[in-house]
Structures are given as C-alpha cells and as structure tokens.
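Let me begin by presenting the structure, written as structure tokens, before commenting on it.
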Amino acid sequence: VDVLIIGAGPAGYMAATWLARTGVNARIIDKRSSRVFAGQADGLQCRTLEVMQSFGFCDRALKEGNHMLEICFWEPDAKGNIYRTESIPDTIPGISRFQQIVVHQGRIEQWFSDAIKKWSHGKMEVDRPVLPLALELDESVKSDDFDAHPVQVTVRHMADEAAMAEQYGSKVANGLFRAFEGDSNKDKFEGDEGKEIIHAKYVIGCDGAHSWTRRQIGIEMEGESTDYIWGVLDAVPITDFPDIRNRCAIHSANNGSVMIIPREQGLVRLYIQMKEAPREAGSARVDRAKITPDLILDSARKIFHPYKLDMVDMKWYTAYQIGQRVAGKFQKNERVFIAGDACHTHSPKAGQGMNTSLMDTYNLCWKIAHVCKGLAKASILSTYESERTKVAKDLIAFDYKLSRLFCGKPGKPGDKDGVSLEEFHRYFEKGNEFASGTTVDYQRSLLQARPSLDFKDGDEPPCYYAKVAKNVAIGRRFDSARVINQADARSWYINDRMLSDGRWRVLYFAGDVKANTALYDFMKKFGEYLASNDTFVKRYTPATAQIDSVLQLYLIHASARRSLEWDEFPEAFRHRDHVGRMDYWSIYADDMSYHEGHGRAYEKYGVDPNVGALIVVRPDNYVSMVTELSGDGIEDVTNFFNGLMAPQKESWTSNGGFKDVAKREEDTYGKHDFGNPVLAV
Ligand SMILES: Cc1cc2nc3c(=O)[nH]c(=O)nc-3n(C[C@H](O)[C@H](O)[C@H](O)COP(=O)(O)OP(=O)(O)OC[C@H]3O[C@@H](n4cnc5c(N)ncnc54)[C@H](O)[C@@H]3O)c2cc1C
C-alpha cells in the first residue's frame, strides 16, 4: 500500500477519509473487533464542524447532536450552597458559522466510515481485528524516492472473540476495562496463521494514548501525571438544578468540581471530581475495580448541594486519572508518523482530545496524498511535525492551567491555597477562543509565505496580516463569507465551494472592475497570462488531468453583479472541458443577494475594492499567501508554488493542454481505480 493507518479512532478515520477522498492506495487496521458504541469523546468544536462541512457531512452533526450554546458558572456561597454567578455564550459569537455540538464518538466515527466508503467507492474499510506485531523501517531510503516502500509491518488477523473488551460483570458500558488479551500487543498465538506482511510507503500510527507505533519508533512522551481522579457519567438526570441543559462549571466549597455537558437525546454527561476515589493499595493510582456508577454519583450529589440529583438510563461511565503529556517527536524519517492521542494526552474537560486528533491527520494526509501522487515535493511532509507540535504544546499548556483552576478549592482573596474563581472564569472565556480550533496559526514555512515576526519569549507569536487583505491572517484558516454566483445569482458561503478534495485554491479578489479601469485592465492581463502556455497552474497540473484538478482559481469581484457580462471575465475562470462543458461556479460577486442579504466579503476580509488581492489557500483551508494584484504578485504566487510543487513529467505546460481524454472520461465517471494522478475528481 502507499499508506498504512494503524488505529481507527478519530485520528485514523480522518486520515482514511482524506486518503479515500484523494484516491490514495491506503489501508486502515484496528486491533479491536468493533467500533466505539458509547462514551469517550463527544464535543465537536467549530473548526471540526467546518472541516466536516468541507467533507460533506456536517449536516449529520447539526441534525443529530445537541447544540451547546451557553456556559454557566456556579460557585459556593458563605453557607456552602452553590449559586450561579455568570452565564456567557459557549462559542464566541462570530468566530465561525458553526457552534459547538455534542454527540457521542461512535456516531462521529460512523459518519467518517460512511464518507470513506463513499469516496473510496466501497474499497476502503477498517480491517479488524488486526494486531500489528513488528514494524521495520529501512532508513536508507531517501525521502524523495517516491516508488520505495521502506516500511514493513507484520500483522496478525485475529478472530473477533479474541479482541473483545471485558466489561467485568458491569451491566453498564464503561471505559474502565477496555483490556483484552491482545491489548498488551504480545502475540500469544504461535505460527504463521493469520499473519500478513504489509509494505508501505508511509505508516501513520493513530493508535491512541498507549500507541504501539510510537514505541516501535522509539518516541517518548514528555510531561507529568496528576493526582486528581475524575468520574464520568452519561445518563438522563432527574434533578431540580435549573441549568442542567447548559454547559456548567460548578465549584463546590469542599467537595470538588463538576462539569456538565448536555448531550443528544436528553442525555447529560457529568465530569465529576472524585475527592474520595478508591486507590490501589500502596499507590496513588485509582483502583478501577472499585469504581461504580453509584460511587461517582455520590461524589456528584455532594457538589450539587443543595440541589437534588439522580440519574436514569445510564449509558456509560468511567473514571480516569490523566496528566498532560506530549510526544517528543511526531515522526521518524518522515515515513512513520504518529497522530492524535498517540502524540498528546490531557484532560477531556476542554473537549479537545478528539478535535485535536482529527485535526492532526487533517493536517498530515493531504500532504501525504500530494507526495504519493507525485504532485508535491517530499519536503512538505516536514511541516506536519512543526505545525502540529506547536498546537499540541499550546493545548497541553492550556489544559494544565485550566485543569488546576478547575480542580482547585475556591479561595478567598489573599488565600494562598485556593484558586481564584474570577481567574478561572476569565481563563475559561479566553480559552474558548483557543478551544474553538479556529485560532490555530501555522508559522512561516514553505507552506506559509509570511515573515518571522519578533516576539518576547513566552508570548504567543503575533498573527501576520498583509496590507491588501487586512483581516486575513496568513497561517490561519480561511474564514467563510457569503458571495453571489455570477452565473445564477445563488448566494454561497465561499468555503462551500472550496471543499476538502485535495485542491489548492487561488482566490483572485478582482476589486470593483466596473468602476476602476486599472483593475479592469489588470483582469484582462491576468486572463491573458492564465491563457498563456507557462503559468503556475499549468506547470503543476498533469496533462492527463483537467486544468482545475490541482490548483483551482476563483474570481470574486466587488462590482454590481449585473453590471458585468459573463464573457467579460477571463476564460481561465469559466473554462470549458474537452467536450465543451463550461465551469459556471468560479466567478462570484460581493453584492446584495435576492434572499440572503449582502455578504460583505471584501469588508470581512479587509480587501479594498479599489485595490484587490490574491490569496492562496491550502487544501486544508489554511491561508498560505496574500499578495497584491500586479506582475510582482503573480510572480510571488509562482515562486511560492515553485518552492513546494513537483514539476510534472508531462504537464499542461509541456504538453500544451489536456491530452488523455479517454482516461479523463474514466475518472469523471467514477470508474477510476487507485493510482489516478488527479487529486480531485
Ligand atoms: C476510555 C476513554 C474515555 C475517554 N473519555 C473522554 C471523554 O470523556 N471526553 C473526551 O473529550 N475525550 C475522552 N477520551 C479521549 C478521546 O476519546 C480521545 O482524545 C480521542 O478518541 C483520540 O483519538 P485517537 O484517534 O487519537 O485515539 P483513540 O480514539 O484512542 O483511537 C485509537 C484506536 O487505535 C486502536 N488501537 C490501539 N492500539 C492499537 C494497535 N496496537 N493496533 C491497532 N489498533 C490499535 C484502538 O482500538 C482505537 O480504535 C476518552 C478516551 C478513552 C480511551
């Protein structure tokens, strides 16, 4: 295979989705016989929802999940009774078109599973239970040897019964005992029965906090564990507590804290600090055998005082003791990568585990797809570690502080041992921006054309904005604004035209071309350039692929839509394919729509309609470059792509145009097999 994914949790499913979407020959294995059906992670942050939208299944989250809109803070009064001190929006208004949603991990994995089936035309599905036994990496193979398969993984196919997790007599599903004999990764079976050797160009270890892959490549986790023990209950509450359908952070005077997460189908998840949890003899470790739902509920009741609390329809429970740890490295030789919990573990209260894990492989796998398809240089793979290590470290620092503020006993002013609840509220509020996932800011690299800015040690590096698009930070995700399709007047979020299909986007903000003749002339000249033989689009597009398969162009102008005629726009933005079908979906106006108001895209992005801008957006929707409308600007874009894309042996440039019509017909009509050189079909 080109890519072997080990582990089918959120990180593995996202990896498989990207690789299925881009037609890469990939395989995904998991040692368990079945998916997660209850419990574990449940919160979907704004950025994750945006990504789901770009894969076409966010609607399922919107329909099935609980929309969590408000956070309430509760704390003890002088008598030790809890009372509400504040309520604030759960998602910062305006940060994204989506707000946080809660639904259990099993459903989320199902949506990914369906997407994988769809994009791979039924060819890829999780192979389980399959236990990896040995991994060998041939370190002599060069990173730009695209044909080599330097990783060899020996696996054993097991019988389903051999890979079932024990629940130890509990009637309620729980996360306490997930162990089965295979968990230790020791191969207890003799001989070659069920054994297979998989040769891969790349391996991605998405195998969770106790990652086997991580151990095979000798990467250590760095960080510390805490002494705090938390219980988790998923059930329907019977209570007189008035904010039970809101997210709440409750601090009690002496009995610890509770986080309430209102869930789908009337369920509520409680994260409960257990002050009196049973420990293993002579150790600080929680004694899992003695944890019961009743014990967890008793701890919760003390914190809820004076409100009453009972729980029915118990679906899942667990208890955990977790520290903040991050892997020292995220890859070996840029051939074996690790992602998700294999790289970072922390407390679940900020709802980051699944979201960050999904985003790790969302960052990695379009890059692997580009390299496997021979479209980009292997050097782009180095950006995975640099980009995601920073995110993981920021997450660990955030979680470290949040956990301690949340677990600490409320203190009076001047009290050294207690925590300031005012500080907790403000930190939580500020952390919400970080937790939304929308502020991830990738630094200068071959994928981000931005200067390195000075900043003080310990401070966050500042965002970088180019003058021509004052509100578009290079390195952050490209936020969506509404624009109107020139051809048919439909109003679109522009990101709904920029789906996760492996393509780069170059957005040409043409400005008010009707009123400004200089901009009109530039549009004509840009059109002539794009029609010429050697352009940044043609150089990197294989001659067997449609012209917009690798780099897709959009024109967004700021004139009244009806003031311009269709054939005034350059043909590069309304090209015809080999049988004459025209592209009607690449030209937009920032104008009033008939039914959905004015999107004010130029204002949102900070682009002056009398100046315009060129914006390059990565396949995962992060902004790579913002530059001016000029010959120099076009050269900037050309140089940018020259730095990372692999020149095609037979490109549109060398070949003079789309040649292999028969092959294209196959691709277009879905008969293509893996190995198709086109990323987007
Ligand atoms: C018991 C439990 C409870 C949790 N509770 C919460 C919670 O309450 N709230 C919250 O936000 N987050 C919670 N999490 C964390 C959240 O589920 C993770 O952050 C998230 O799932 C990480 O995704 P991942 O894909 O990196 O790893 P995982 O979801 O752990 O997936 C790893 C996958 O790899 C498989 N695997 C492991 N080892 C191997 C191997 N050697 N070979 C093949 N396959 C392997 C596993 O079977 C699993 O399917 C919980 C996690 C666990 C395990």
Side-chain angles (χ1 to χ4, degrees), residues 1 3-19 26-36 40-41 105-106 108-109 112-113 116 124-137 151-158 162-165 175 178-187 196-198 200 202-221 320 322 325-332 335-346 348 353-365 368 384-385 388 392:
V1 295
V3 185
L4 172 67
I5 305 161
I6 301 177
Y13 274 110
M14 174 62 88
T17 303
W18 243 145
L19 297 174
R27 202 164 148 191
I28 175 167
I29 59 167
D30 196 287
K31 69 178 182 179
R32 285 177 199 282
S33 58
S34 66
R35 281 192 295 117
V36 167
Q40 298 198 203
Q105 192 170 320
I108 297 164
E109 293 184 3
F112 276 100
S113 186
I116 293 163
M124 205 194 305
E125 61 182 319
V126 181
D127 207 350
R128 58 168 91 228
V130 176
L131 185 71
L133 303 173
L135 183 152
E136 283 167 46
L137 168 65
V151 205
Q152 180 177 307
V153 180
T154 309
V155 302
R156 188 187 291 283
H157 294 258
M158 295 185 293
M164 297 277 189
R178 290 164 36 102
F180 62 91
E181 281 177 309
D183 243 10
S184 63
N185 276 102
K186 289 206 184 82
D187 187 21
E196 184 191 357
I197 296 175
I198 303 171
Y202 300 96
V203 167
I204 315 173
C206 301
D207 44 353
H210 305 287
S211 173
W212 172 87
T213 315
R214 189 181 64 219
R215 276 181 276 129
Q216 305 313 301
I217 53 174
I219 297 176
E220 302 277 335
M221 292 296 267
Y320 62 88
I322 207 158
R325 293 167 192 265
V326 63
K329 288 180 74 55
F330 284 20
Q331 52 74 36
K332 180 147 189 197
R335 289 288 185 174
V336 183
F337 298 86
I338 51 171
D341 275 13
C343 300
H344 37 73
T345 57
H346 44 84
M354 176 170 55
N355 291 281
T356 314
S357 300
L358 288 166
M359 290 305 119
D360 282 346
T361 42
Y362 186 60
N363 177 293
L364 174 63
C365 289
I368 292 187
Y384 168 66
E385 185 170 75
R388 296 311 293 177

- Would a 4.5 Å heavy-atom cut-off, applied to side chains only, mark Thr345 and Met221 as touching? yes
- Item | Gap between atom CD1 of Ile116 and atom CD of Glu109 - 0.5 Å precision | 9.5 Å
- Query: How long is the gap from CG on Leu137 to CZ on Arg335, to the nearest 0.5 Å?
  - Reply: 8.5 Å
- Message: Tell me which pairs pass salt bridge (charged side-chain N to carboxylate O under 4.0 Å, His left out) where either residue lies in residues 353-362, with sequence neighbours left out.
- Response: Asp360-Arg388
- For atom CD of Glu125, decide whether the heavy atoms of other residues, nucleotides or ligands shown that lie under 6.0 angstrom number more than 12. no
- Set of residues satisfying salt bridge (charged side-chain N to carboxylate O under 4.0 Å, His left out) with respect to Glu196, sequence neighbours excluded: Arg27
- Message: List the residues meeting side chain to side chain donor-acceptor pair (under 3.5 Å) with Asp30, not counting sequence neighbours, and say none if there are none.
- Response: none
- Item | All side chain to side chain donor-acceptor pair (under 3.5 Å) counterparts of Asn355, not counting sequence neighbours | Thr48
- Item | Check against side chain to side chain contact (heavy atoms under 4.5 Å, CB included), Gln152 and Ile197 | CA-CA 7 Å; Gln152 180 177 307; Ile197 296 175; 3.3 Å; yes
- Could you pull out the closest heavy-atom pair between Asp341 and Gly353, with the gap in Å? OD1-O, 4.3 Å
- Is any side-chain heavy atom of Tyr384 closer than 4.5 Å to a side-chain heavy atom of Phe337? yes
- Message: Quick check: do Leu133 and Val155 have side-chain heavy atoms less than 4.5 Å from each other?
- Response: no
- Message: With a 4.5 Å cut-off on side-chain heavy atoms, are Thr213 and Leu135 touching?
- Response: yes
- Message: Measuring only between side-chain heavy atoms, which start at C-beta, is Cys206 closer than 4.5 Å to Thr361?
- Response: yes
- Item | Check: Ile204 and Val336 side chains under 4.5 Å, non-hydrogen atoms | no
Would you be so kind as to tabulate the donor-acceptor pairs closer than 3.5 Å made by side chains of residues 3-19, with sequence neighbours excluded?
unit_1	atom_1	unit_2	atom_2	d
Tyr13	OH	Arg128	NH2	3.4
Thr17	OG1	Tyr13	O	2.7
Trp18	NE1	Tyr362	O	2.8

- Exam field: side chain Asp207 to backbone Trp212, donor-acceptor pair closer than 3.5 Å: yes
- Note on the structure: Heavy-atom closest pair (Ile338 atom, Ser211 atom, distance to 0.1 Å) is CG2-OG, 4.3 Å
- Item | Heavy-atom check, side chain of Ser357 versus side chain of His344, under 4.5 Å | yes
- Item | Euclidean distance, Lys329 NZ relative to Ile217 CD1, rounded to 0.5 Å | 9.0 Å
- Note on the structure: For Glu385, the side chain to side chain donor-acceptor pair (under 3.5 Å) test, sequence neighbours excluded, returns Gln331
- Shortest non-hydrogen pair, Arg214 vs Gly208, comes out as NH1-O, 4.3 Å
